Amino acid sequence: MAGLLKDKNIVVMGVANERSIAWGITKSLHREGANLIFTNRQERSKKKLEKLLEEHDIPSKLMVSLDVSSDESIQEAFQEIKDNVGVIHGLVHSVAFAKREELKGEYADTSRDGYLLAHEISAYSLVAVTKAAKELMTEGGSIITQTYLGAERVIPNYNIMGVAKASLEASVRYLAEDMGKYDIRVNAISAGPIRTLSAKGVSGFNEKANVIVEKAPLRRNVDQDQVGDATLFFLSDLARGVTGEVLHVDSGFHIIG
Ligand code: NDP
């Protein structure tokens, strides 16, 4: 095992199953020697994660329950991490949600509560967990979130999630400025389409994946492991000069007009 993250305590949010981007990230971080702390919302996801960790022989330092829609839950989760682990060096935010019915048809039909919900879970959550994590990042740190090209361009059906991701990416920049003085970096990865539970909620996944194979410079789709390795870079000292950045891990698709 190499050791880019040896002795680093890293919190991973958002493993729902073996297809989750956060699971690809988990494998990369483990390979480089990180101590891993996991948070889950649903009990079902926690059970799946426990099974995956056992199958892959990956130890977990701690597992806590965390629903980003509740300030109390965020506070309790980070208190539990503080009590059991103390200092943390990294946080992986791989969490988003929007109502399925808003991920098709016209963006103009977005409901008020659908708009607010998508922003709360997919964008505000980064602000809230950054504030909580900062208290435990007393030796400096690195925070990474997951975004998508729909923040920059109109992608059919992505609708409210694209607007929430735009808010998320702007939050990365504002948070990077706030956290920089504490030696905490904040960055995002903009991955190409990957077939996960969440991706299935957006209509027209196949078209999105097919266009990458057809048009992206690398002419192939990306996978969870590629996002995992890019996330690892941001969490490691190799990226010590990088903050407020959105890195595309999308076979180069974003440069094509
Ligand atoms: P998954 O469905 O595997 O992961 C989504 C995670 O979000 C789940 O673990 C889920 O937890 C968690 N979550 C949802 N609501 C809450 C909440 N209220 N509190 C805490 N956790 C919550 O999908 P992905 O791996 O695809 O998604 C991870 C991130 O990657 C998302 O931000 C997504 O937008 C982004 N992304 C995905 C792309 C793709 O093509 N798949 C492309 C680019 C970005 P639980 O299971 O416990 O409900």
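These numbers come from a predicted model, not from an experiment. Note that ligands are numbered from 1 as they come in the structure, with each ligand's atoms numbered from 1 the same way.
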Open item on the list: Name the residue from D178, I143, L175 that meets the side chain to side chain contact (heavy atoms under 4.5 Å, CB included) definition with I184.
Closed with: I143
- [ ] Please list all pairs passing the side chain to side chain donor-acceptor pair (under 3.5 Å) test where one or both residues lie in residues 94-112, with sequence neighbours left out.
- [x] K99-D113, E102-S111, S111-D113
Open item on the list: Going by side chain to side chain donor-acceptor pair (under 3.5 Å), name the pairs with one or both residues in residues 205-216, residues two or more places apart or in two chains.
Closed with: R195-N206
Open item on the list: Please check if the number of heavy atoms outside E50 that lie under 6.0 Å from its CD is greater than 12.
Closed with: yes
Task: E152 side chain reached by E169 side chain, heavy atoms, under 4.5 Å - done: yes
I'd like the atom pairs linking ligand 1 to the protein - N or O on both sides, separation under 3.5 Å - with distances to 0.1 Å.
residue, atom, partner, partner atom, Å
ligand 1, 2 (O), S198, N, 3.2
ligand 1, 2 (O), S198, OG, 2.6
ligand 1, 3 (O), S20, OG, 2.6
ligand 1, 9 (O), G14, O, 3.2
ligand 1, 18 (N), D67, OD1, 2.9
ligand 1, 19 (N), V68, N, 2.9
ligand 1, 23 (O), T196, OG1, 3.3
ligand 1, 23 (O), S198, OG, 3.1
ligand 1, 25 (O), I21, N, 2.8
ligand 1, 26 (O), T196, OG1, 2.5
ligand 1, 32 (O), V95, O, 3.3
ligand 1, 32 (O), K165, NZ, 2.9
ligand 1, 34 (O), K165, NZ, 2.8
ligand 1, 40 (O), I194, N, 2.8
ligand 1, 40 (O), I194, O, 3.2
ligand 1, 41 (N), I194, O, 2.9
ligand 1, 41 (N), T196, OG1, 3.2
ligand 1, 46 (O), S45, OG, 2.6
ligand 1, 47 (O), R41, N, 3.2
ligand 1, 47 (O), Q42, N, 2.8
ligand 1, 47 (O), S45, OG, 3.1
ligand 1, 48 (O), R41, NE, 2.9
ligand 1, 48 (O), R41, NH2, 2.7
ligand 1, 48 (O), Q42, NE2, 2.7

Task: Of all pairs that satisfy side chain to side chain donor-acceptor pair (under 3.5 Å), the ones with a partner from residues 62-86, not counting sequence neighbours - done: D67-S69, Q79-D83
